[in-house]
Structures are given as structure tokens and as C-alpha cells.
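I have a structure I would like to understand better, so I am pasting it below and will then ask my questions one at a time.
The chains referred to below are lettered A, B, ... by the order of the sequence lines, with proteins before strands, and numbering in each begins at 1.
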Protein chains: 2
Amino acid sequence: MSTAEETAGGEVLPWGEVTPEAARRLLVAAVEAFAERGYHATTTRDIAGRAGMSPAALYIHYKTKEELLHRISRIGHEKAVDILRTAARTEGTATERLAEAVGSFVRWHAGMRTTARVVQYELDALGPEARAEILALRRQCDAEVRGIIEDGVEAGEFDVPDVPGTTLAALSLCVDVARWFNVQGSRTPDEVGALYADLVLRMVGAG
Amino acid sequence: MSTAEETAGGEVLPWGEVTPEAARRLLVAAVEAFAERGYHATTTRDIAGRAGMSPAALYIHYKTKEELLHRISRIGHEKAVDILRTAARTEGTATERLAEAVGSFVRWHAGMRTTARVVQYELDALGPEARAEILALRRQCDAEVRGIIEDGVEAGEFDVPDVPGTTLAALSLCVDVARWFNVQGSRTPDEVGALYADLVLRMVGAG
DNA sequence: GCCGTGGGTGAGCGGGCGCTTAGAGTGCCC
DNA sequence: GGGCACTCTAAGCGCCCGCTCACCCACGGC
């Protein structure tokens with residue numbers, strides 16, 4: 001569990017664990033730049049400039065531009081696994097746990113939209129071994145949600161003909177929030193989380 | 001309605017309307033390259049090479065690399081609108097029409113995965129006026145689906161507390177298929193289409 | 001006061017980028 | 001057969017990329 005800070009923009013930054021200060025500033029700048037323009041369209045000069053440093057400073061803290069993406073991606077995925085695992089292991093019925101999992105996962109994708117975009121959509125820019133590491137974390141996400149749904153089916157709370165397919169669809173729905181969510185839009189992360197929790201409960205035939 | 005061809009890879013190509021031949025070959029090469037590596041990571045030399053031409057040949061048929069993306073994006077979105085409109089205007093109950101819309105839309109995103117990826121995920125690489133044109137087509141997609149759901153609510157077939165939100169979620173679910181669908185995977189486009197049609201009907205409380 | 005160390009800078013290297021230009025090959029109308 | 005329009009190529013321009021290198025400076029130990 002990491003400490004968190006709040007920026008002027010209002011996003012909570014879970015980058016407290018990244019030290020030293022200059023390395024964290026560079027990483028936050030990279031998240032913003034990657035989210036806005038994409039990894040390949042972002043230059044190292046742009047990242048350094050946003051962090052108020054010269055282009056060369058980046059290479060004191062990170063070996064390559066790809067290492068920056070790798071670090072962002074790993075920290076982000078670890079946070080995602082953490083959110084789902086926490087929801088899966090709370091007390092309560094499968095219905096309550098699934099609603100909590102979807103709600104908190106969606107709130108994260110909406111509230112931390114810049115980070116989530118990088119984490120979910122720039123995976124292909126990583127090299128093979130880094131990508132494999134991240135994919136393992138994704139499989140953990142899938143396993144947590146599938147576990148809740150299986151519990152609900154066994155308890156007779158849910159009616160799900162295709163558990164793996166429904167798990168995939170539920171996660172897909174949550175992840176795609178990072179693509180369309182707009183901070184200037186009319187919905188808050190909490191509202192989207194509540195709506196999506198309800199929709200996923202309908203998908204599994206709860207209630 | 002455009003003619004369609006079939007490649008060795010098995011994907012149906014709706015690029016019959018693009019002429020002359022060389023321009024179509026370049027466009028198909030660009031779709032493959034953009035889908036694999038992303039717009040910014042794709043070079044004009046790569047596109048020309050896949051089409052069996054020299055880099056300069058590209059500029060006889062297209063003014064810039066961005067014009068290629070714009071053409072791909074517009075044709076793809078027009079096809080998407082066409083699919084949803086056709087489903088929305090068939091005879092039948094709202095339940096049947098929504099199932100057909102989701103099923104055919106998903107089949108397109110799965111079967112034409114390379115095209116769909118470019119169309120759905122490279123929007124930000126377009127300039128402002130091109131992006132505005134594409135966004136107008138997206139709003140048409142949204143309107144077609146929302147129309148079906150509203151019909152179902154009025155007819156008492158559906159139970160939907162938040163029509164715009166549920167429309168957004170249904171489209172989001174379909175679109176995200178392009179991100180995760182794998183031709184080597186265990187599901188066919190038809191199977192995913194059927195699964196998703198069922199899930200969306202559950203979301204709107206049909207049946 | 002001197003030095004070592006580690007975070008920082010300005011300048012720039014090698015290379016690949018999007019795109020242009022001059023000219024060659026090809027088919028078609030007269 | 002000659003002129004022309006169209007398609008395509010070889011060569012390369014100017015630019016900016018990721019990254020490196022030689023050097024600078026603030027600071028803690030003695």
C-alpha cells in the first residue's frame with residue numbers, strides 16, 4: 001500500500017513510493033505526456049521539460065524511455081490487482097463483493113484516467129519480457145473477478161452460463177472507462193462506478 | 001454498401017470502393033501497420049514496403065500520412081454506423097433489434113479486428129477538423145443504439161434507469177472487443193457476438 | 001579548506017523520420 | 001510515330017529523435 005498525494009488537477013497520485021523526488025517528478029510528467037499523446041508520440045525532451053529539467057537529466061534516473069513506461073505500467077497494474085483483491089476478500093455476499101470490485105475498479109479508471117490510459121493502452125510498446133511480466137498481473141486481475149463470480153454461482157446468487165466470458169466482459173467494461181471518461185463530462189467517477197456495478201450485477205443475473 | 005474481398009488471412013476487406021488499385025494496396029498496408037504498431041510508431045517507409053512500393057509512391061495517392069489515417073477512420077466509422085442503422089431498422093421487437101445490433105457490431109469488431117483497432121484507438125492522432133468529423137459519426141452510432149433502448153423502454157420490454165449511461169456502456173463493451181480479441185484465441189467472432197448480445201439484453205433487463 | 005560524490009547541464013552524435021524533386025517507364029489518343 | 005498524362009523510383013533535404021559525454025556545482029566528512 002502506497003502513500004498518495006493530491007495535485008492541483010485533483011488526481012490522486014499513488015507515486016509516493018517513487019524516490020528520489022526528481023525521479024518521481026519525471027515519472028509523473030511521463031504519465032501525463034504518455035496519456036495525452038501516446039508513448040511513441042512523446043519525446044524525452046517533452047517529459048524532461050514538463051518536469052522542469054534538461055533532457056539529459058532523465059537518463060540519470062532511468063536507463064531508457066521504455067524503462068519509464070515499464071515502471072509506470074507495473075506500479076499501475078499492481079494497484080489494479082490490489083483494488084480487486086481487496087474487494088474480493090472483504091466480508092459479504094458475492095453480490096456485495098462483485099459490486100464493490102466493479103465500483104472501486106471503475107472509480108480508479110475514471111479518477112486516475114491518465115494513469116489508467118497509459119497502463120491499459122500502451123502495453124504493446126513494451127519489450128517482450130516486460131510485457132510478459134505485465135500480462136501476468138493482468139491474469140491476476142482476471143482471476144480475482146472470476147473467483148467472485150464462481151462464488152456467486154455456487155451460492156446460487158448468480159445465473160451465469162459462461163463464467164470466463166462474463167468475467168472478460170466485466171473487466172473489459174471497466175477498463176474501457178479509461179478510454180471515454182472525461183473529467184469535464186457530466187458524470188463523476190462515483191456515479192459511473194455505481195452505474196457499472198449495477199450493470200455488471202444485471203449481467204450475472206443477481207437480484 | 002461496398003463490395004468486399006477476402007484475403008489469405010481470412011479477414012473480409014470492405015475497401016473495394018478505394019481506387020485505384022495502388023491506393024487500395026497502400027491503404028490496406030497502412031491498416032495492418034497501424035493496427036500492429038500504432039500510428040505514430042509506423043513509418044511511411046513501412047507502409048510503402050508492405051504494399052510493395054517505394055516510399056515516394058505513397059505521396060502520389062495521399063497528401064500525408066495523416067490523410068491515410070483519416071480515410072481509414074472515416075470508411076471504418078461509416079461501416080460501423082451502417083451496421084448499427086441496419087440492425088436498428090429491421091423488423092422486430094426492441095429485444096430482437098438490440099440483440100442483432102450488438103451481435104453484428106461485435107462480429108465486426110472481432111472479425112475486422114485490425115481495422116477496428118485503428119478506427120477506435122488512433123482517433124487522437126487526427127487533427128482537430130478530421131477528429132470532429134469522426135466524432136460526429138460516433139454520435140450517430142450512439143443515437144442508433146440509444147434509439148433501440150428507448151423503444152424497448154417505451155414498449156415495456158426493458159427496465160433501464162439510466163438510458164444514456166447504459167447506451168454508453170453497451171457501446172463501450174462492443175468497442176473494447178477490438179482491444180482484447182485474438183484470432184488465435186478460443187472464441188470465434190460469432191460466439192463472442194452471441195455472448196455479448198445476451199449480456200447486453202441482461203443489462204437492459206430484457207426477458 | 002579540500003576533496004569526493006552524486007544530481008544536474010549544454011552541446012551534440014548518429015540515425016531515421018516525413019516528405020520532395022527530377023526524371024524514367026508506360027500506355028493511349030491522334 | 002510523337003506528345004502527353006499518369007505512375008512510380010532513386011536520391012536526398014531538413015529536421016528532430018533517443019541518447020551520450022565532458023563538465024559543473026552544492027554539500028558532507030575530516
Legend entry - Nucleotide nearest A/Thr44 (side chain, heavy atoms from C-beta), chosen from C/dC19, C/dT9, D/dC19: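 Of the candidates, D/dC19 comes closest.
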Inset, instruction - Inspect the contact between B/Arg50 and B/Glu36 and indicate whether a charged nitrogen and a carboxylate oxygen are less than 4.0 angstrom apart. - result: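 Yes.
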Legend entry - Candidates D/dT9, D/dG18, C/dG8 - which lies nearest the side chain of B/Ser54: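 Closest nucleotide to the B/Ser54 side chain: D/dT9.
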Legend entry - Proximity to the side chain of B/Ala57 - top-ranked nucleotide from C/dC19, D/dT9, C/dC17: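 For the B/Ala57 side chain, the nearest candidate turns out to be D/dT9.
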Inset, instruction - For B/Gln120 and B/His109, test the side chains for any donor-to-acceptor distance below 3.5 angstrom and give the result as yes or no. - result: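 The answer is yes; a qualifying pair exists.
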Legend entry - Side-chain donor/acceptor contact of B/Arg45 with base of C/dG16 under 3.5 Å: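 Counting by modelled atom types and ignoring angles, no donor-acceptor contact under 3.5 Å is found here.
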Legend entry - Among C/dG8, C/dG18, D/dG18, the nucleotide that comes nearest once only the side chain of B/Tyr59 is considered: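 Out of C/dG8, C/dG18, D/dG18, the nucleotide with an atom closest to B/Tyr59's side chain is C/dG18.
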Inset, instruction - Starting at atom CG of A/Leu58, determine the distance to atom P of C/dG7, rounded to an integer number of angstrom. - result: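 Going from CG in A/Leu58 over to P in C/dG7 covers 14 Å.
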Legend entry - For atom NE2 of A/His61 and atom P of D/dC19, their distance in whole Å: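 Atom NE2 in A/His61 sits about 16 Å away from atom P in D/dC19.
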Inset, instruction - Could you work out which one of D/dC19, C/dG10, C/dC19 sits closest to the side chain of A/Lys65? - result: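 Looking only at side-chain atoms, A/Lys65 lies closest to D/dC19.
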Inset, instruction - I would like to know whether A/Phe34 and A/Thr114 meet side chain to side chain contact (heavy atoms under 4.5 Å, CB included); could you show each step before the answer? - result: CA-CA 8 Å; A/Phe34 291 163; A/Thr114 55; over 6 Å; no
Legend entry - Whole-Å distance separating the CD1 atom of A/Ile47 from the P atom of D/dC16: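 Answer to the nearest Å: 18 Å.
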Inset, instruction - Could you work out which one of C/dC19, C/dT9, D/dC19 sits closest to the side chain of B/Pro55? - result: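 Taking heavy atoms from C-beta onward, the closest nucleotide is C/dC19.
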Inset, instruction - Measure the distance from CE on B/Met53 to C1' on C/dG18 and round it to the nearest whole Å. - result: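 Between C1' of C/dG18 and CE of B/Met53: 18 Å.
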Legend entry - Heavy-atom side-chain proximity of A/Ile47 to A/Glu32 below 4.5 angstrom: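 Answer no - side chains too far apart.
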Inset, instruction - Counting heavy atoms from C-beta on, name the nucleotide in D/dG18, C/dC19, D/dA10 closest to the side chain of B/Ala56. - result: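 Nearest to the side-chain atoms of B/Ala56, counting from C-beta on, is D/dA10.
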Legend entry - d(NE2, A/His40; P, D/dG18) in whole Å: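 Those two atoms, NE2 and P, are 11 Å apart.
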Legend entry - Atom-to-atom span, CD of A/Glu67 to C1' of D/dG18 - whole angstrom: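 Those two atoms, CD and C1', are 14 Å apart.
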Legend entry - A/Tyr39 side-chain N/O to A/Asp124 backbone N/O, donor-acceptor pair under 3.5 Å: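 Flag not set: sc A/Tyr39 to bb A/Asp124 has no pair under 3.5 Å.
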